[in-house]
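Along the sequence shown, residues are numbered consecutively beginning with 1. As the structure is a computational prediction, the values presented were derived from the model and not from experiment.
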Amino acid sequence: TAIYGSRGANGVILLTTKSGRKGTSLIEADIRTGVNVSGLPRYSTIKSPEDYIGLSWEALYNKGLANNAADPVAFANNTLFSESGIHPKYNMWNASASELIDPATGQVRPGVARKYDPESWEDHGFQSSSRTEANLVFRGGSENSRYYSSIGYLHDVGYIINSDFKRYSATLNLESIVKPWLTTNAKMSYSGSETNDNGQSDDSGSIFWFVDNMPPIFPVFLRDAAGDIVPDPIFGGDQYDYGVGRAFGALTNSIADAHFDKHNTKAHQLAGNYGATIRFTNHLSLENTFGAQLYADKYNLLNNPFYGSSATQGGSIYKVDQLLLSYNFLNLLRYKNSFGVHNLEALAAHESNSWERKYQTAFKSKAVHPDIDDLNNFVISSPSTSYTDQVRLESYFGQLNYDFQNRYYLSASLRRDGSSRFIGDNKWDTFGSVGLSWVLTNESFMAGQNIFEYLKYKISYGFMGEQDGIGFYPGYITYNV
C-alpha cells in the first residue's frame, strides 16, 4: 500500500519471528538428514562415440557436396581427423577415417576396435551428496516475560564434486512487560556460513555446461598415442585432459578445475532489533523500534599455477571483501478506539533508514606456494579497487482507518519521503491513497446464502514512488579513476 511509499512499489512482505510462550520452559531438539539428487533430468544428447563420429563424417560429406568437391567422400575422410575437423589425437579408434566410416551408410564399420573407452563427464562431475541439519531450541516465559533462543547447524554437500555449504546460526528473542505502561522486546541473531562452489561458474568452468555439451568422443583424462591414460606428474593420479586441440571447450576442464582450484566464500551476518512500546492510555501508545544489520563476506578464487586458466600466469588469486551495514529507526504514535458501532484507528510516524556497502577487490598472480590464498603468497600485483555506496531515506507518514458495524470501511494514508538518491526539488515527494470497501457477507440480505463465506467489494486509489531501479547516484556526475 501507499503507506510504504517508494519502498512498497513491488509489494510488502511482513515477517513474524518465533518467540517464547508463557508457562513451562521447554527444550526442543530436531535433527534432519537427507540426500541431494538432481530433480531435473539431464538433456538428451548423443552418448555413443560411434554415433557422434558418424554424424561428424556425414556433416563433412554434406559440406563437400555443397562446395562441389570433386570427391565428397575423400573430402570427408581427409578432413575428419585433421586440424580442420577433429584433432587427430582424439581418434579413439584403431583405424583411419576411411577405415572407420562406411561411406555407403555414413556409420562406423562393424568390428572396428577402440583404443580406449572415453570417461563419462557426468560420472566424474557429480557426486552422491547429503544434507544434515540440527537445531536446539530453549523457550519459556512467565506472566511478565518470555524468551526464545536457538542454535542451529546445517551442512549441505553439493551435487557437484567438491562443493558444499555450511552454516552456524544462533537466535535470541526476549519480551518483557517492565511496567503496566511499558513493554520491551529485543531480538538478536547471528549466522556464519562457508560456501565452496567449485565447478559452478557461469562460463566454461561450469560442470553442468561441460556435462550437457561435451561430445562423447572427448575423454576426461589425457591419453597418449596408444590410448593409455597419462599419469599426472604434479598432483599424482591420472592427468586431466585440458583440451589442447579440442574444438569444443578448448584449454579448459571444469572437473579438473573443481579439484585443483578453490572458489570459497565466508560470510557473517549479525542482526538486532530493539523495541519499546509506551502506553499513555488504553487507546494511545507510542511504538519505538530500532533495527540494525551487519553483513560481511570474503570471496576467494584461487587458481592453481600448473593447469587451467592461470597456468601461464603461474597461478592467481582474486579476492572480494564486502561489508554492509544498515539500520532502521521508527517512532509510531497510534490511537485506536471504538465508539459503539464505529471503530477508529489512526497513526502518525517518523522513520529513518540507512544502508551502506563497502566493496573492495584485489588480484595478484605468480604463486610461491600453490595452496596458500594470502596475497603475500603472490609476486605480481594488479591495481586493487574499492568503493562505498550509501543510501539514506527519511520518511513521515500517517494512516486513518475507520469502519462502521464491520461492514463499511474507509482507509486513507499519506506519507512524505526524502531520498539521498535524488537532488534538488526531486529529493522529497509525497505519496497517498484512499480506499472504500464493503463486506457484503455481513449484510442481512446475505444471511441465508451458503455460497460465499466471505465476500468483500473494494475500490481504492493511490500512488507510490520507485527509487531502487535508478542507481545510487543518478543525479550526480561521478568519476572512476
Q: Start with the C-alpha gap between L222 and Y240, add the side-chain angles, then the distance that decides, and say whether side-chain contact (heavy atoms from CB on, under 4.5 Å) holds.
A: CA-CA 5 Å; L222 185 64; Y240 287 94; over 6 Å; no
Q: May I have the step-by-step check of side-chain hydrogen bond (donor to acceptor under 3.5 Å, both in side chains) for S176 and S145, ending in yes or no?
A: CA-CA 4 Å; S176 178; S145 64; 5.6 Å; no
Q: Check the pair N288 / L330 against side-chain contact (heavy atoms from CB on, under 4.5 Å), numbers first and verdict last.
A: CA-CA 6 Å; N288 306 276; L330 173 66; over 6 Å; no
Q) Yes or no on side-chain hydrogen bond (donor to acceptor under 3.5 Å, both in side chains) for D261 and N198, after CA distance, side-chain angles and deciding distance? A) CA-CA 8 Å; D261 299 340; N198 299 305; over 6 Å; no
Q: Just do the ring-ring contact (aromatic ring centres under 6.0 Å, His included) check on W209 and Y43 with the steps written out, would you?
A: CA-CA 11 Å; W209 183 79; Y43 290 109; over 10 Å; no
Q: Please assess N185 against N273 for the test side-chain contact (heavy atoms from CB on, under 4.5 Å), listing each intermediate value before the final yes or no.
A: CA-CA 8 Å; N185 63 80; N273 185 285; 4.1 Å; yes
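A donor-acceptor pair under 3.5 Å is absent between the side-chain atoms of Q313 and the main chain of G315, judged by distance alone. The main-chain N or O of K336 is found under 3.5 Å from a side-chain atom of H283 such that the two form a donor-acceptor pair. Counting only distance, with no hydrogens or angles, the side chain of K364 and the backbone of I380 share no donor-acceptor pair below 3.5 Å. Within the 3.5 Å criterion, the main-chain N or O of L455 finds a donor-acceptor partner in the side chain of T441. The backbone N or O of L40 lies less than 3.5 Å from a partner atom in the side chain of S38, making a donor-acceptor pair. Looking at S419, its side chain never comes within 3.5 Å of a backbone N or O of F422 through a donor-acceptor pair. The main-chain N or O of V220 is found under 3.5 Å from a side-chain atom of E119 such that the two form a donor-acceptor pair. In terms of modelled atom types and a separation under 3.5 Å, the side chain of N253 and the main chain of D241 share a donor-acceptor contact. Proximity of a side-chain donor or acceptor of R139 to a complementary backbone N or O of E28 within less than 3.5 Å is not detected. At distances below 3.5 Å, at least one donor-acceptor pair connects side-chain atoms of N377 with backbone N or O atoms of H369.
For the pair R42 and E122, the salt-bridge criterion is not met [side-chain N within less than 4.0 Å of a carboxylate O]. We find that K166 and E194 are not joined by a salt bridge, their nearest charged nitrogen and carboxylate oxygen being 4.0 Å or further apart. No salt bridge links D425 with K427; every basic N to acidic carboxylate O contact stays at or beyond 4.0 Å.
Between A256 and Y242, the shortest heavy-atom contact is CB-OH, 3.2 Å. Among all heavy-atom pairs drawn from R246 and F248, the shortest one is NE-O, 2.8 Å. The two atoms that bring L400 and A346 nearest to each other are CD1-CB, 4.0 Å, heavy atoms only. Between S309 and T312, the shortest heavy-atom distance links the atoms O-OG1, 4.5 Å. Nearest heavy-atom pair across D257 and T252 is OD2-OG1, 3.6 Å. The two residues Y473 and Q390 make their nearest non-hydrogen contact at OH-N, 3.0 Å.
In this structure, H124 has its ring center under 6.0 Å from that of F221. When ring centroids are compared, F404 and W438 stay outside the 6.0 Å threshold. In summary, the aromatic rings of F235 and F306 are positioned with their centroids under 6.0 Å apart. Outside the 6.0 Å centre-distance limit, the rings of Y147 and F138 are not counted as a close aromatic pair. Checked against the 6.0 Å centroid threshold, F208 and F126 count as a close aromatic pair. Proximity of the aromatic rings of F210 and W121 is defined here by a centroid distance below 6.0 angstrom, and this criterion is met. Note: F290 and Y274 fail the aromatic proximity criterion, with ring centroids not under 6.0 Å apart.
For the residue pair N300 / K319, a side-chain donor-acceptor distance below 3.5 Å is found, with atom types taken as modelled. A donor-acceptor contact closer than 3.5 angstrom links the side chains of S354 and R392. Looking only at atom types and distance, the side chain of N337 has a donor-acceptor partner in the side chain of Y335 under 3.5 Å away. Between the side chains of N442 and N406, no donor-acceptor pair is found at a separation under 3.5 Å. In the model, Q269 has no side-chain atom that pairs as donor or acceptor with a side-chain atom of S191 under 3.5 Å. Between T277 and S285, the side chains place no donor N or O within less than 3.5 Å of an acceptor N or O (distance only, hydrogens not considered). Under the 3.5 Å distance criterion, with hydrogens and angles disregarded, no donor-acceptor pair is assigned to the side chains of T195 and D197. A donor and an acceptor atom, one from each side chain of D297 and Y295, are located under 3.5 Å apart. Counting only N and O atoms by type, the side chains of S413 and S433 include a donor and acceptor under 3.5 Å apart. Side-chain contact check for S163 and N196: no donor-acceptor pair (N or O, by modelled atom type) lies under 3.5 Å. Side chains of R416 and S395: a donor-acceptor N/O pair is absent below 3.5 angstrom, by distance only.
Considering only heavy atoms from C-beta on, L344 stays 4.5 Å or farther from N401 through its side chain. You'll find the side chain of F218 stays beyond 4.5 Å of the side chain of P216, heavy atoms only. Counting heavy atoms from C-beta outward, L333 and L284 have side chains that approach closer than 4.5 Å. Residues S193 and F165 form a side-chain contact, since some pair of their non-hydrogen atoms from C-beta on lies under 4.5 Å apart. In this structure, Y318 and T361 have side chains that are in contact, with non-hydrogen atoms separated by less than 4.5 Å. Within the 4.5 Å cutoff, side-chain heavy atoms of L414 are placed close to those of T430. In this structure, the side chains of N304 and P370 stay at 4.5 Å or more apart for every pair of heavy atoms. I160 places none of its side-chain heavy atoms less than 4.5 Å from the side chain of Q127.
Taking the centre and axis of the six-membered ring of Y409, the NZ or CZ atom of K456 falls inside the cone set by 45° and 6.0 Å.
With D321 as the fixed residue, the salt bridge (Lys or Arg N to Asp or Glu O under 4.0 Å) test singles out one of R357, K298, K358, K266: K298.
Classification of the Y168-Y153 ring pair by plane angle, with boundaries at 30° and 60°, yields tilted. Using a 30° and 60° split on the angle between ring planes, H350 and Y396 fall in the tilted class, from 30° to 60°.
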